[in-house]
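The structure presented is a predicted model; accordingly, all values stated were derived computationally and were not measured. What you see below is based on every heavy atom in this structure, not just the backbone, and it leaves out hydrogens, waters and symmetry mates.
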Amino acid sequence: MASEFKLAPSILSADFADLQTALTQCEEGGAHWIHVDVMDNQFVPNLTIGPPVVKSLRPKTNKFLDVHMMVIEPEKLVEPFAKAGANLITFHIESTDDPQSVIDLIKSTGTQVGISVKPYTPLSDIEPFYDQIDLILVMSVEPGFGGQGYIDESTERIQAIRQKLNEMCLQDRVLIEVDGGIKLHNAKEVIDAGANVLVAGSAVFGTEDPVQTIKDFYNLGNQ
Ligand code: DX5
Ligand code: ZN
């Protein structure tokens, strides 16, 4: 598990006027992925990043760009984010009546596909799609804002998904990513529950030394 653990710092908590510094810190700290939180002020009560920002980030880094769409009508943004250079596009199961068509659309762009689930949405809503996707994004806070506290019940949900993926023999094909309230003090619990990728926003960019904090996360994961 330790060797597979990846950190995805969320630039939501970085300085939007200086995203180059955030990218450099991710490079220097050795973060595997960059998590991009896309909010439309409709699915969630906040407004953030669109495809032009991803397009500007793309030539500045070789890191895997992990786009988390918290938007209604996700199908309208799939191609723009794919063209902008996203490596993986995740949509929310709660944001569409037709998840299958969104999965098919993302796949048609050649981009990896993720499905996200809010903290109180039944896991049975996403289970039918496990064998078609690359990643399950488990929200451990209500989506919309960085800096919230980890919802403790999330750990059991991660364990349940891990168990289900094992039962379905999908453990090598589908990653579990956890997003919200991840800090140095609870990262180990989340990894032990079965997460492969941890998103950390305020825990990285809200600290004095984001580079060292990224390294500290990896040291924890490797213990
Ligand atoms: C919340 C976003 C998260 C957010 C996490 O809706 O999806 O990615 O950046 O921030 P922290 O790590 O501060 O909880
Ligand atoms: Zn996110």
For K63 and G30, the nearest pair of non-hydrogen atoms, with its separation, is NZ-C, 4.4 Å
Will you find, in the side chains of H32 and Y218, an N or O donor that is under 3.5 Å from an N or O acceptor? yes
Only pairs under 3.5 Å count here: list side-chain donor-acceptor contacts from residues 113-122, not counting sequence neighbours, and write none if there are none.
| residue | atom | partner | partner atom | Å |
| --- | --- | --- | --- | --- |
| S116 | OG | H92 | NE2 | 3.3 |
| S116 | OG | L137 | O | 3.0 |
| T121 | OG1 | E94 | OE2 | 2.7 |

Using only atom types and a distance under 3.5 Å, with no angle test, would you say the side chain of R162 pairs donor to acceptor with the backbone of A193? no
For T155, is there any backbone N or O sitting under 3.5 Å from a side-chain donor or acceptor partner on Y150? yes
Residues M69 and V78: closest non-hydrogen pair is CE-CG2, 4.2 Å
Spell out, as yes or no, whether a donor-acceptor pair under 3.5 Å connects the side chain of Q148 to the backbone of E142. yes
Closest approach of A86 to V67 (non-hydrogen atoms, all atoms of both residues): CB-CG2, 3.6 Å
How many angstroms lie between CD1 in I72 and CG in D40, if you round to the nearest 0.5 Å? 5.5 Å
Under the ring-ring contact (aromatic ring centres under 6.0 Å, His included) test, which residues partner F64, sequence neighbours left out? W33
Using a cut-off of 6.0 Å, state whether more than 12 heavy atoms not belonging to E156 lie near its atom CD. no
Would a distance-only check, ignoring hydrogens and angles, find a side-chain to backbone donor-acceptor pair under 3.5 Å from D192 to E189? no
If only side-chain N and O atoms count, and only distance matters, is there a donor-acceptor pair under 3.5 Å linking D37 with T48? no
Candidate pair I11 and L57, rule side chain to side chain contact (heavy atoms under 4.5 Å, CB included), full reasoning: CA-CA 11 Å; I11 56 171; L57 295 174; 3.8 Å; yes
Please find the pair of heavy atoms, one from I182 and one from A203, that lie closest to each other, and give the distance. O-CB, 3.2 Å
Got a sec, which pairs hit salt bridge (Lys or Arg N to Asp or Glu O under 4.0 Å) with one end in residues 71-93, sequence neighbours left out? E73-K76
Rounded to the nearest 0.5 Å, what separation is found between the CZ atom of F91 and the CZ atom of F43? 11.0 Å
Applying ring-ring contact (aromatic ring centres under 6.0 Å, His included), name anything that partners F205, two or more places apart in sequence or on another chain. none
Determine whether M139 and H68 satisfy the following criterion, side chain to side chain contact (heavy atoms under 4.5 Å, CB included), listing intermediate values before the conclusion. CA-CA 11 Å; M139 289 306 302; H68 176 195; 3.4 Å; yes
What's in the same ILVMFWY side-chain cluster as V199, cut-off under 4.5 Å, chained through other members? none
Is any side-chain heavy atom of C26 closer than 4.5 Å to a side-chain heavy atom of T61? no
Within the 4.5 Å heavy-atom criterion, are S95 and V71 side-chain neighbours or not? no
Flag side-chain contact, heavy atom, 4.5 Å: V204 against Q25: no
Grab the two heavy atoms, one from P74 and one from V102, that are nearest each other, plus how far apart they are. CG-CG2, 4.2 Å
Show your reasoning for whether side chain to side chain contact (heavy atoms under 4.5 Å, CB included) applies to I126 and I133. CA-CA 10 Å; I126 58 171; I133 61 178; over 6 Å; no
So how far is it from N196 CG to Q171 CD, rounded to the nearest 0.5 Å? 10.5 Å
Is it the case that one hydrophobic cluster holds both L198 and I151, taking links as side-chain heavy atoms less than 4.5 Å apart, direct or via other members? no
So how far is it from R173 CZ to D131 CG, rounded to the nearest 0.5 Å? 6.5 Å
Before you tell me yes or no, could you show the steps for F81 and V38 under side chain to side chain contact (heavy atoms under 4.5 Å, CB included), namely the whole-Å CA-CA distance, both residues' side-chain angles and the distance that decides it to 0.1 Å? CA-CA 10 Å; F81 276 115; V38 176; 3.4 Å; yes
K55 atom NZ, over 12 foreign heavy atoms within 6.0 Å: no
Distance col, row I158:CD1 vs E153:CD, nearest 0.5 angstrom, shows 11.5 Å
Counting only pairs under 3.5 Å, give me each side-chain donor-acceptor contact of residues 14-24, with atom names and distances, residues two or more places apart or in other chains.
| residue | atom | partner | partner atom | Å |
| --- | --- | --- | --- | --- |
| D15 | OD1 | A17 | N | 2.9 |
| D18 | OD1 | T21 | N | 3.3 |
| D18 | OD1 | T21 | OG1 | 3.0 |
| D18 | OD2 | T21 | OG1 | 2.6 |
| Q20 | NE2 | T24 | OG1 | 3.3 |
| T24 | OG1 | Q20 | O | 2.9 |

Check: G144 main-chain N/O paired with N46 side-chain donor or acceptor under 3.5 Å: yes
Quick one: CG on L165 to CG on D172, what's the gap to the nearest 0.5 Å? 10.0 Å
Is the closest side-chain heavy-atom distance between Q132 and K107 below 4.5 Å? yes
